[in-house]
Amino acid sequence: MDTESRGLQQGSSACWSTGAAAWGSSQQKRQRCEGSSSDQVGSSTSGSVQMSEPELPDADYVDNEEEDYYMEDDDEDCDDENDDESEYEFDEADFNQQLADKFDDLDLPPGVEATVPWLQKSAAQDEEEPEITEDEITRKYKAFPQFYTVENFADHHYADKSVGKPSRDWAKRIQHEWKLLEKDLPASIFVRVAEDRMDLLRAAIIGPKGTPYHDGLFFFDAHFTATYPSQPPLVYYHSGGLRLNPNLYNCGKVCLSLLGTWSGKGCETWNPAQSTMLQVLVSIQALILNEKPYFNEPGWAGQANTPSGEQHSIEYNKNTFLLSCRTMLYSLRKPPQYFPDLVAGHFREHGRTILAACKHYLEGNMVGSVVPEEEEGGNGASSSNSAPKQEASRVDPLLRRTQFCDSLNKLFEDLLMEFNVKGADTRKFLEEKLKKNLPAA
C-alpha cells in the first residue's frame, strides 16, 4: 500500500476512534485531531477506504486500540485526558451529524464506500434516477397481434403429419383462410400460422365471461389436409390430460359436428363452399365453452330445465372451474410455442379477477356468476348476468361442498403464487393471507 493510502486509513481511524471514545475532551484537542485527519483525507488521491457505521466499544478495547494507534503514529496531543472516557455517553445521531458537518465539502476519492447513513443519503442523491419504462411483460402483451405468420412450429401436434402434394387451389384456399382470420377474428381469439408449413395453424381461445371457463386460455392445433376444403381440418385440443368439457377429451379430441367428429344436420356440418377455419374457432368458443357445458353431452341434454338436470349442471360447473384453473397453471408453466408472451400478459392482466372469482365461489355463489369486483363501479350490485346464491345439492351437499372448497383453496394458493410471479395485482390477496397467518394477539 502506498504512503498516501496508509495516511488516509490511519487519519480516518484516528478521528473515528477519538470521536467515539473521547468526544468530551477539550475544544483545542478536537480541533487538532480534526485538522490532522482532514489534511490526511483531503490529500489522498488513490486507494480504497470502507467507512462503516461506528459502534461504541467497551473501555478496555478503546484503551488498547488507542494505545496501539498512538504508538504507531506517536501523536501525544491526542493521548491525554483518558479519564474523560468513563463520563462520556455516546450519542450516535450527534456523532454522525458531527461527521456530516466535517465532510460536507469533501469529495470522496474513487473507491471509497459510503456506509455511514449521511454519506449513503448523499451518494443516493448524486445518482441519477433510472428512467421509468413500461414493464416488459405488459409491453409484449399489448404488442401481441391477434393474427401473425411465423416461420415454423416445433411443438405442433401435427408437425410430423405430411400434407403430401396439395394442389394449387389448396394453397389459394389456405391463403384465403388467412385473410379471413386476419380481418375478422374476435378480440378473444389469437392465431398463428406457419409460413413454411401452410397446413399448420395454432389458436388460443379465451374463455367467455359468464361461464366456468371465464378468463382461461385454451389452445388448439389445426391441420389442413391435402383434401381440404373438401374435408374439414383436423383439430387437436391441448388438454394437459384434463377433460373439462364433454366435447373436449383428455386425449385432445374435439367433438364438433362442423369437424365431422359428431353427427349434425344442415349448417351444423362442414360445407366446402362456405365453411371456414374462422367458423370452427368461433363455434368452439360459443358452442363448446358455454355457460352450461353439462348439457353438451347428448345423453344429458334432455335434462335441461329440470330441477335434477340444473343441479347436476351446477355441480359439473364447479368441477369444470377447478379443471379450468388447473389448465391455467398448465399453460403458465408450459406455454405453447409462440404464445408465452400472451400467456404471461393475459394472466398478469386478469390474475386479480380470477383470484376474486375463486373467493366469490368459495362463498357459495354459483360458478360463472358475475364477480362483484368485476362489475362497473365495484359496488357489488347485481347485474342481469348475476346468478343467485347456490342452492344446496340434493346429493350429499356437505361432502361435495367440502371437496370443492378444499380443492379450490389449494388451486387458489398455486394461482396466487404464479400470478404474483407474473406481476399481477395480487396485493389484496397477499395482505389477506398475511393477516390470516398472523398469530392471535
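By convention here, the first residue in the shown sequence is residue 1. The analysis underlying the following values was restricted to heavy atoms, covering all of them including side chains, and did not include hydrogens, waters or symmetry mates.
Remark: the T306 side chain and the S308 side chain contain no N/O donor-acceptor pair separated by less than 3.5 Å. Between the side chains of N245 and Y213, a donor-acceptor pair is found at a separation under 3.5 Å. Side chains of Q285 and S188: a donor on one and an acceptor on the other come within 3.5 Å. With 3.5 Å as the limit, one finds a donor-acceptor pair spanning the side chains of Y294 and Q303.
With sequence neighbours excluded, the residues satisfying ring pair (Phe, Tyr, Trp, His ring centres under 6.0 Å) with Y338 are F153. Legend: residues meeting ring pair (Phe, Tyr, Trp, His ring centres under 6.0 Å) with H360, ordered by chain and number and at least two apart, are absent. N420 is linked by a side chain to side chain contact (heavy atoms under 4.5 Å, CB included) to T426, L430, counting only residues two or more places apart in sequence or in another chain. Residues that satisfy the side chain to side chain contact (heavy atoms under 4.5 Å, CB included) test with Y148, not counting sequence neighbours, are P145, V150, R192. With sequence neighbours left out, Y141 forms a side chain to side chain donor-acceptor pair (under 3.5 Å) with no residue at all. With sequence neighbours left out, the salt bridge (charged side-chain N to carboxylate O under 4.0 Å, His left out) criterion links E349 to no other residue. Judged as a salt bridge (charged side-chain N to carboxylate O under 4.0 Å, His left out), and not counting sequence neighbours, the contacts of E177 are R173. In this view, E413 and K433 satisfy the salt bridge (charged side-chain N to carboxylate O under 4.0 Å, His left out) rule, not counting sequence neighbours.
Judged as a salt bridge (Lys or Arg N to Asp or Glu O under 4.0 Å), the pairs with a partner in residues 216-245 (not counting sequence neighbours) are, in order, R202-D221. Residue pairs meeting the salt bridge (Lys or Arg N to Asp or Glu O under 4.0 Å) criterion with at least one member in residues 286-309, sequence neighbours excluded, are K292-E310. Residue pairs satisfying the side-chain hydrogen bond (donor to acceptor under 3.5 Å, both in side chains) criterion with at least one member in residues 255-274, sequence neighbours excluded, are absent.
Note that K318 lies outside the cation-pi zone of Y361, set by a 6.0 Å cut-off to the ring centre and a 45° limit from the axis.
For the atom pair L355 CG and F429 CZ, the distance stands at 5.0 Å (nearest 0.5 Å). To the nearest 0.5 angstrom, E418 atom CD is 7.5 Å from K422 atom NZ. Taking CH2 of W170 as the start and CD1 of I174 as the end, the distance is 5.0 Å to the nearest 0.5 Å. Between N247 atom CG and N296 atom CG the span is 4.5 Å, to the nearest 0.5 Å. L281 contributes atom CG, which lies 6.5 Å from atom CG of L181 (distance to the nearest 0.5 angstrom). Summarising the geometry, atom CG belonging to L329 is positioned 7.0 Å from atom CZ belonging to F419; distances are rounded to the nearest 0.5 Å.
Counting heavy atoms from C-beta on, the side chains of K209 and D215 come closer than 4.5 Å. Between N317 and P293 the shortest side-chain heavy-atom distance falls below 4.5 Å. Between F218 and Y237, the closest side-chain pair of non-hydrogen atoms falls below 4.5 Å. Side-chain atoms of H156 and Q337, non-hydrogen and from C-beta on, never get closer than 4.5 Å to each other. Inter-residue side-chain proximity for P232 and V280 is flagged as unmet; no heavy-atom pair is nearer than 4.5 Å. Inter-residue side-chain proximity for R197 and Y158 is flagged as unmet; no heavy-atom pair is nearer than 4.5 Å. Counting heavy atoms from C-beta on, the side chains of V193 and F147 come closer than 4.5 Å. T225 is not listed as a side-chain neighbour of V163, based on a closest heavy-atom distance of 4.5 Å or more.
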Candidate pair D199 and Y228, rule side-chain contact (heavy atoms from CB on, under 4.5 Å), full reasoning: CA-CA 9 Å; D199 59 308; Y228 186 83; over 6 Å; no
- request: Apply the test side-chain contact (heavy atoms from CB on, under 4.5 Å) to residues L248 and S239: give CA-CA distance (whole Å), side-chain angles for both, the deciding distance (0.1 Å), then the verdict.
  value: CA-CA 8 Å; L248 301 176; S239 68; over 6 Å; no
message: For a side-chain contact (heavy atoms from CB on, under 4.5 Å) check, start with the C-alpha distance between L289 and T211, then their side-chain angles and the critical distance, and finish with the verdict.
response: CA-CA 7 Å; L289 304 176; T211 74; 5.6 Å; no
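Contact detail for S331 and F219: the closest heavy-atom pair is OG-CE1, 3.9 Å. Closest non-hydrogen pair, N152 versus A194, comes out as CA-CB, 4.1 Å. Of all heavy-atom pairs spanning I206 and L217, the tightest one is CG1-CD2, 3.7 Å. Here the shortest heavy-atom pairing between L415 and C358 reads CD1-SG, 4.4 Å. Minimum interatomic distance between Q279 and S275 (heavy atoms only, all atoms of both residues): OE1-CA, 3.2 Å. Considering all non-hydrogen atoms of both residues, M198 and A171 come closest at CE-O, 3.7 Å.
Judged purely by atom type and a 3.5 angstrom limit, E151 has no side-chain atom pairing as donor or acceptor with the backbone of E195. S313 places no side-chain N or O within 3.5 Å of a backbone atom of G309 that could act as its donor or acceptor partner. Remark: the backbone N or O of F295 is not paired with any side-chain donor or acceptor of H312 at under 3.5 angstrom. For the pair N409 (side chain) and D406 (backbone), a donor-acceptor distance under 3.5 Å is absent.
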Name each donor-acceptor pair under 3.5 Å that joins a side chain in residues 320-328 to protein atoms two or more places apart or in another chain, with its distance.
residue : atom : partner : partner atom : Å
T320    : OG1  : Y316    : O            : 2.8
T327    : OG1  : L323    : O            : 2.8

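Taking the six-membered ring for Trp and thresholds of 30 and 60 degrees, H238 and Y236 have ring planes more than 60 degrees apart, a perpendicular arrangement.
Between F339 and F190, the distance from one ring center to the other does not fall under 6.0 angstrom.
The pair K435-E432 fails the salt-bridge criterion, with no side-chain N (NZ, NE, NH1 or NH2) lying under 4.0 Å from an Asp/Glu carboxylate O.
Counting non-hydrogen atoms of neighbouring residues, nucleotides and ligands closer than 6.0 angstrom, the CG atom of D196 exceeds 12 such neighbours.
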